[in-house]
Amino acid sequence: MTAPAARPWWRDAVVYQVYVRSFADGLPAGSDAGDGVGDLPGITARLPYLRDLGVDALWITPFYTSPQKDHGYDVADYTDVDPLFGTLADVDLLLETAHGLGLRVIVDLVPNHTSDQHAWFQAALAAAPGSPERARYIFRPGRGEDGAEPPNNWDSIFGGPAWTRVPDGAWYLHLFDTSQPDLDWRNPEVGDMFEDVLRNWLDRGVDGFRVDVAHGLYKEATLRDQKRPEQPAKLAESMVERVLNDEPMWDQPEVHEVYRRWRRVLDSYPGDRMAVAEAWTQTAESMAMFIRPDELHQAFNFGWLGTPWSARAFARVINDSIAAVAAAASAPTWVLSNHDVERHPTRYGGGPVGLARARAATLTMLALPGSAYLYQGEELGLEQVDVPPEARQDPSWFRTGQPGRDGCRVPLPWSGDAPPYGFGGPPGSQPWIPQPADWESLSVAAQLGDPDSTLAFYQHALAARRAVFAGADEATTAIADDDLLVVLRGDVAIVLNAGDEPAPLPAGEVLISSGPLPGETLPPDTAVWIR
Ligand code: GLC
């Protein structure tokens, strides 16, 4: 066992994801009052809430200058703040306040693509094909007669082709929205620019970076067509049987050199600066490559996001995740919700059952070794909201007609009985995504006074995590016994009942449970820690 003091802070940290547009709208009257969009002063004002919740750090989604086509993941200036969110002075105040409260701050870095409003892309559009300005992006001639067909068959993640044609006939690559042109990382100027960006924020005092689309920076050099199976590849029961897709646009070996360079930069600063990769790799083995000792510190482990409510499936994802990072000598990370996926109470069925299951899954996650990432609003038990079509904002909605990700991005309810529920803006106004009419009982103020609330449960669970597991590296194993998931960590057993019938409560001292334990039983959809 390693002594807590010797461990870098991120290794067991609970990190709270702040989706800046939807956390709190704090800019004072006269500036943007009533714009209904969250901002940096809003976060700073609510930092004591995060301290009281019991998290160790916050990760803030992009607040840089941006036309907001993908709500900040389309960056026009990597070292400045969008006026929508405040100023550089607001960043400094946020960092100082957070550090004063003992909270670390991770910021988002978006290196795969810029906004089409970035000075580099504007210069590329103004320059001729073959110019150095265009060489920072991936411009290619089209195929077919007059080059009217895109250069290859790749699709955008947000739907439709991954290529857009400019007036002189050339096409540029965008794996996301048209407004998010992909950078060409084979051009050394790009790597140099991002090293400057990294240093800029490290100098300002951030504790780490969340690296957006970390697996995407390099594309296979020939930009060949993607081979598509006639039938879409099925996700089989285990990774081993899984049919891997042909992905010439993702996870190329060259990307690891970027992270070696960044690691050298991070290590040259005092205070355990870190980076966590958002890498949607196809196998656990390729995920582990991002966290080799000379690369990034952590990678999000998205396995649980796609795991159904099942003791067996949970046991598998827990054991596989622990095994995958052990090979890289790192620690696992755990995620049940984020700003890109359906909220976990809804995934588990919604309503009281979905919430009970979500609390049980969360309590299980918080007992696991490594670090846990929480997404704002999960501590309130918020569900995915069915945002009306006219209010939807996700670029993928505009490109595909699918509901998209707005339903997990609805601004938080802080207090009061009607929108904007203390989020900010004039009384009676709706924030940038409208809030439901029935959120009164879910607000922070309503839940703080209620010992049975989900908020009280999260506070209690985070305190218990610190008390029971702080800095410990015990071997951890998950076992599925029919519908019971049993995770053994040191002298603690975490038991989750994923079945339909109450199970006998194992002997021992109950440390915490995710719901009531009537008559010495563990009811369905409930988890408990027992010593
Ligand atoms: C990441 C972000 C997502 C964004 C995309 C493009 O997946 O999490 O929100 O749309 O990258 O930057």
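The structure displayed is predicted, hence computed values, not measured ones. Indexing begins at 1, ligand by ligand and atom by atom, following the structure's order.
Within ligand 1, counting atoms from 1 as listed, the ones closer than 4.0 Å to a heavy atom of F158 are 10 (O). The R409 neighbourhood of ligand 1 comprises atoms 9 (O), with distances under 4.0 Å to a heavy atom of that residue. Listed by atom number, the atoms of ligand 1 under 4.0 Å from H113 heavy atoms are 6 (C), 12 (O).
Heavy atoms of H174 found under 4.0 angstrom from ligand 1: none, in either backbone or side chain. Counting heavy atoms under 4.0 Å from ligand 1, residue R405 touches it through the side chain alone. Proximity of Q17 to ligand 1, defined as any heavy-atom pair under 4.0 Å, is not found for any part of the residue. When non-hydrogen atoms are compared, ligand 1 lies under 4.0 Å from neither the backbone nor the side chain of F300.
With respect to atom 5 (C) of ligand 1, the closest heavy atom belonging to the protein is F176 CE2, 3.7 Å. At the top of the distance list for atom 8 (O) of ligand 1, counting protein heavy atoms only, stands D340 OD2, 2.5 Å. Looking at atom 7 (O) of ligand 1, its nearest protein heavy atom turns out to be E278 OE2, 2.7 Å. At the shortest separation from atom 4 (C) of ligand 1 among protein heavy atoms lies D70 OD2, 3.3 Å. Shortest contact from atom 2 (C) of ligand 1 to any protein heavy atom: D212 OD1, 3.1 Å.
If you take OH on Y16 and CG on L50, they are separated by 5.5 Å, rounding to the nearest 0.5 Å.
Note on ligand 1: W280 sits outside its first shell, no heavy atom being nearer than 4.0 Å.
Of the charged side-chain nitrogens involved, none lies within less than 4.0 Å of a carboxylate oxygen, so that E378 and R343 do not count as a salt-bridged pair. Looking at R11 and D272, no side-chain N of the basic residue comes within less than 4.0 Å of a carboxylate O on the acidic one, giving no salt bridge.
Annotation: side-chain hydrogen bond (donor to acceptor under 3.5 Å, both in side chains) contacts of Q117 (sequence neighbours excluded): none.
Looking only at atom types and distance, the side chain of D74 has a donor-acceptor partner in the side chain of S66 under 3.5 Å away. Side chains of D207 and H99: a donor on one and an acceptor on the other come within 3.5 Å.
Separation of the W120 and Y172 ring centroids does not fall under the 6.0 Å cut-off.
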Report task. Check step by step if side chain to side chain donor-acceptor pair (under 3.5 Å) holds for W10 and D56. Result -> CA-CA 8 Å; W10 47 265; D56 303 293; over 6 Å; no
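For R134 and F139, the positive end sits near the middle of the six-membered ring, less than 6.0 Å away and at most 45° from its axis.
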